[in-house]
Amino acid sequence: MSAVNDTKFQPAVFLLTGIPGQEKFHVWISIPICLMYVIAIVGNSIILFIIKTDPTLHEPMYIFLSMLAITDIGTSLSTLPTVLSIFWFNSREISFDACFAQLFFIHWFTLIESSVLLSMAFDRFVAICNPLRYDSILTPPRIAKMGLGALLRGMGNILPLPILLKHFQYCHANILSHSYCLNQEVMKMACSDIRAHSIYSFFTLLTTVGLDVLLILLSYVMILKTVLSIASHAERLKALNTCVSHVCVVLIFYMPWIGLSVIHRFVQNFSPLVQSLMGNVYLLVPPLMNPIVYSVKTKAIRARIIKVFIK
């Protein structure tokens, strides 16, 4: 009888949310949001163009950077349709299938980016701790395998989530607190038993992003240990300077993500406004800031960008 009732009252759509309490300003708020999307997509495209067209940048560090740029473009494109439809047209409805597809791509690109950041940490570890074997360790075939591994790992871990969600019954209001669909929010809308889904999601989180964070920290512990053993102060600074961009990108990516995950899983009755703002920061800021950070802090990229625009 319960299953019948669930089916009878199951809504056809989820309702997305812009910025709670600020609906009358959505058109104005859309201006900086559109600007962020434009900068993110154009900035990462410029990074890709420069690395592709300059043979001197066909090195492991820049190949990983191009992977990061592709991932950031994918992340931006996966959220752009629903975010702009809310702020431009106040169109809040999203069908179940579209929502499940969107959350798949959002979480897939998130795991890919985490894998790429780990690969970049490994690149810096080898470059500083074992420079003589750098070229023999990070060969093009091995880099290609690392990129393919990031894609397959993300897909293998995330694909079960929308499949499981699709088989749940939804009989609540189905009002989501963000401008896009996230797994941790959608599963709370279900009337079905979500314990298995919740356990799998948490296990996936620990064995992917949690493990990546741990390995990145370990790599930097080894890097610091090696750098501190260098006698020359100037050489220490030079070695650490090659890691600054990566450290900034790691902090920009993981800090909002960890904050939002903690709120969704452990905090009750959190301010909807703050939660919405953190959600936008979580997916809008990293793709925006990554090309800026690497353009400012990486001399080779900065010089090529200046050269392109001077021409």
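Within 6.0 Å of CD on Glu59 lie more than 12 heavy atoms contributed by other residues, nucleotides or ligands. More than 12 heavy atoms of other shown residues, nucleotides or ligands fall within 6.0 angstrom of atom OH in Tyr254.
With rounding to the nearest 0.5 angstrom, the OH atom of Tyr220 is 12.5 Å from the OG1 atom of Thr226. Remark: Ile158 CD1 to Ile163 CD1 distance equals 11.5 Å, nearest 0.5 Å. In this structure, the separation between CD1 on Ile137 and CD1 on Ile143 is 11.5 Å, given to the nearest 0.5 Å.
Checking side-chain atoms of Asn44 against main-chain N and O of Ala40 turns up a donor-acceptor pair under 3.5 Å. Of the possible donor and acceptor atoms, one in the side chain of His58 sits under 3.5 Å from a partner among the backbone N and O of Lys52. A donor-acceptor distance shorter than 3.5 angstrom exists from the side chain of Asn290 to the backbone of Pro286, with no hydrogens or angles considered. Although no hydrogens or angles enter the test, the distance criterion places no donor-acceptor pair under 3.5 Å between the side chain of Ser198 and the main chain of Arg195. Of the possible polar contacts, one joining the Ser219 side chain to the Ile216 backbone as a donor-acceptor pair under 3.5 Å is found. Formation of a donor-acceptor pair under 3.5 Å by the Thr139 side chain with backbone atoms of Ser136 is not found in this model. With hydrogens and angles disregarded, no donor-acceptor distance shorter than 3.5 Å links the side chain of Arg92 to the backbone of Thr17. The backbone N or O of Thr110 sits nowhere less than 3.5 Å from a side-chain atom of Thr75 that would complete a donor-acceptor pair. A donor-acceptor pair under 3.5 Å links the side-chain atoms of Trp108 to the main chain of Leu151, judged by distance alone.
With a 4.5 Å cut-off on side-chain heavy atoms, Phe96 and Asn174 count as touching. Residues His178 and Tyr282 have side chains not in contact (no heavy-atom distance under 4.5 Å, counting atoms from C-beta outward). Ser45 is listed as a side-chain neighbour of Ile41, based on a closest heavy-atom distance under 4.5 Å. Looking only at side-chain heavy atoms (C-beta outward), Leu161 and Thr204 stay at 4.5 Å or farther from each other. Counting heavy atoms from C-beta outward, Arg302 and Val296 have side chains that stay 4.5 Å or more apart. By the 4.5 Å heavy-atom criterion applied to side chains, Ser276 and Asn280 are counted as neighbours. Side-chain contact between Ile128 and Cys243 is present, with at least one heavy-atom pair separated by less than 4.5 Å. Using a 4.5 Å cut-off on side-chain heavy atoms (C-beta onward), Met61 and Leu138 make no contact.
When every heavy atom of Arg236 is checked against every heavy atom of Val227, the shortest pair comes out as CG-O, 3.3 Å.
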Q: Step by step, work out the side chain to side chain contact (heavy atoms under 4.5 Å, CB included) result for Ile301 and Ile51.
A: CA-CA 8 Å; Ile301 296 292; Ile51 293 173; 4.2 Å; yes
(Q) As a quick check of understanding, evaluate side chain to side chain contact (heavy atoms under 4.5 Å, CB included) for Ser66 and Ile47, giving each step before the final call. (A) CA-CA 7 Å; Ser66 66; Ile47 294 287; 5.9 Å; no
**Q.** Worked verdict on Arg133 versus Val126 for side chain to side chain contact (heavy atoms under 4.5 Å, CB included)
**A.** CA-CA 8 Å; Arg133 296 188 59 201; Val126 176; 5.7 Å; no
Q) Checking side chain to side chain contact (heavy atoms under 4.5 Å, CB included) for the pair Tyr294/Cys248: CA distance, chi angles, key distance, verdict? A) CA-CA 9 Å; Tyr294 274 97; Cys248 291; over 6 Å; no
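Applying side-chain contact (heavy atoms from CB on, under 4.5 Å) to Lys297 and the options Val244, Val247, Thr242, Val249 leaves one that passes, Val244. Under the side-chain contact (heavy atoms from CB on, under 4.5 Å) rule, Tyr180 has a single partner from Ile94, Leu80, Thr79, Ile86, which is Thr79.
Under the 4.5 Å side-chain heavy-atom criterion for grouping Ile, Leu, Val, Met, Phe, Trp and Tyr, Phe122 is not connected to Val221 through any hydrophobic cluster. Under the 4.5 Å side-chain contact rule for hydrophobic residues, Phe125 and Leu214 do not share a cluster. A single hydrophobic cluster is seen to contain both Leu284 and Trp88, as judged by linkage of ILVMFWY side chains at heavy-atom distances under 4.5 Å, directly or through other members. Cluster annotation: Leu182 and Phe203 are assigned to distinct hydrophobic clusters (Ile/Leu/Val/Met/Phe/Trp/Tyr, side-chain heavy-atom contacts under 4.5 Å, transitive). Connection of Ile33 to Val27 is not established within any shared hydrophobic cluster, with ILVMFWY side chains joined at heavy-atom distances below 4.5 Å, either directly or through further cluster members.
Identified under the disulfide (SG to SG under 2.5 Å) test for residues 19-60, with sequence neighbours left out: none.
Cluster partners of Leu152 are Leu148, counting Ile, Leu, Val, Met, Phe, Trp and Tyr whose side-chain heavy atoms approach within less than 4.5 Å, directly or via other members. Hydrophobic cluster membership for Trp28: Ile31 (Ile, Leu, Val, Met, Phe, Trp, Tyr linked by side-chain heavy atoms under 4.5 Å, directly or transitively).
A distance below 6.0 Å separates the ring centres of Tyr170 and Phe14. Remark: aromatic rings of His197 and Phe168 are close, center separation under 6.0 Å.
Checking Tyr62 against Thr298 by side-chain atom types alone, no donor-acceptor pair falls below 3.5 Å. Thr208 and Asn157 are not linked by any side-chain donor-acceptor pair at a separation below 3.5 angstrom, with hydrogens and angles left out of the test. No hydrogens or angles considered: a donor-acceptor pair under 3.5 Å links the side chains of Ser177 and Glu185.
Partners of Arg124 according to the salt bridge (charged side-chain N to carboxylate O under 4.0 Å, His left out) rule, which considers only residues two or more places apart in sequence or in another chain, do not exist here. Taking Asp135 as the reference, nothing meets the salt bridge (charged side-chain N to carboxylate O under 4.0 Å, His left out) condition, with sequence neighbours excluded.
Using a 4.0 Å cut-off between charged side-chain N and carboxylate O, Lys307 and Asp54 make no salt bridge.
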Show which side-chain atoms of residues 99-107 pair as donor or acceptor with protein atoms under 3.5 Å away, not counting sequence neighbours.
unit_1 : atom_1 : unit_2 : atom_2 : d
Gln102 : OE1    : Cys181 : N      : 2.9
Gln102 : NE2    : Ser78  : O      : 3.0
Gln102 : NE2    : Thr82  : OG1    : 2.9
His107 : NE2    : Asn183 : N      : 2.9

